[in-house]
Amino acid sequence: MSELELIILNAREALELNKTEEALAILCQLSVANHAEVIFLKGEIYYKLQRWGDALNQFTLFLELFPSDKKAESYCLMIQNILGFFHKDFYNP
């Protein structure tokens, strides 16, 4: 198992244990930022942290590499729905 695979595995395990900040810190130590699996995993971490802009950026970057990926498309759609939410009764006194 390569060092990159080991780091990704450690980040996935941290994410599964709801240690999202730790998982993000593990991935940020990588010098390989353009690896597809790293990009997608960062997107999932940002999504879980509710950092919508960062998550959308990561999934959009992933979709540039794999334009037909349904899971990344779904994440983008969910984030856009969250960011576009408006309820007139909540925002008007």
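None of the values given here were measured: they were computed from a predicted structure.
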query: Tell me, do Leu24 and Tyr46 make a side-chain contact under 4.5 Å, heavy atoms counted?
result: yes

task: Give the cluster check for Leu56 versus Leu63: same hydrophobic cluster or not, with ILVMFWY residues linked at side-chain heavy-atom distances below 4.5 Å.
output: no

message: If hydrophobic clusters are built from ILVMFWY residues whose side chains come within less than 4.5 Å, do Phe66 and Leu77 share one?
response: no

In Å, rounded to the nearest 0.5 Å, how long is the span from [atom1] of [X] to [atom2] of [Y]?
X     : Y     : atom1 : atom2 : answer
Leu83 : Gln80 : CG    : CD    : 8.0 Å
Leu41 : Leu27 : CG    : CG    : 5.0 Å
Ile7  : Glu37 : CD1   : CD    : 12.0 Å
Gln50 : Thr20 : CD    : OG1   : 10.0 Å
Leu61 : Gln58 : CG    : CD    : 6.0 Å

Compare every heavy atom of [Y] with every heavy atom of [X], then report the nearest pair and how far apart it is.
X     : Y     : answer
Gly43 : Phe59 : C-CZ, 3.3 Å
Trp52 : Ile79 : O-CG2, 3.7 Å
Ala11 : Ala23 : O-CB, 3.4 Å

- request: Report the C-alpha distance between Glu22 and Leu17 in whole Å, list the side-chain angles of each, state the deciding distance to 0.1 Å, and finish with yes or no for side-chain contact (heavy atoms from CB on, under 4.5 Å).
  value: CA-CA 10 Å; Glu22 182 180 324; Leu17 295 172; over 6 Å; no

[X]: which residues meet the side chain to side chain contact (heavy atoms under 4.5 Å, CB included) condition with it, sequence neighbours left out?
X     : answer
Leu65 : Ala36, Ile39
Lys71 : Phe40, Glu44, Asp69, Tyr75
Ser2  : Leu4, Glu5
Asn57 : none

message: Can you list everything that forms a side-chain hydrogen bond (donor to acceptor under 3.5 Å, both in side chains) with Asn18? Sequence neighbours excluded, please.
response: Lys48

message: Does anything in residues 52-65 form a salt bridge (Lys or Arg N to Asp or Glu O under 4.0 Å)? List the pairs, not counting sequence neighbours.
response: Arg51-Asp54

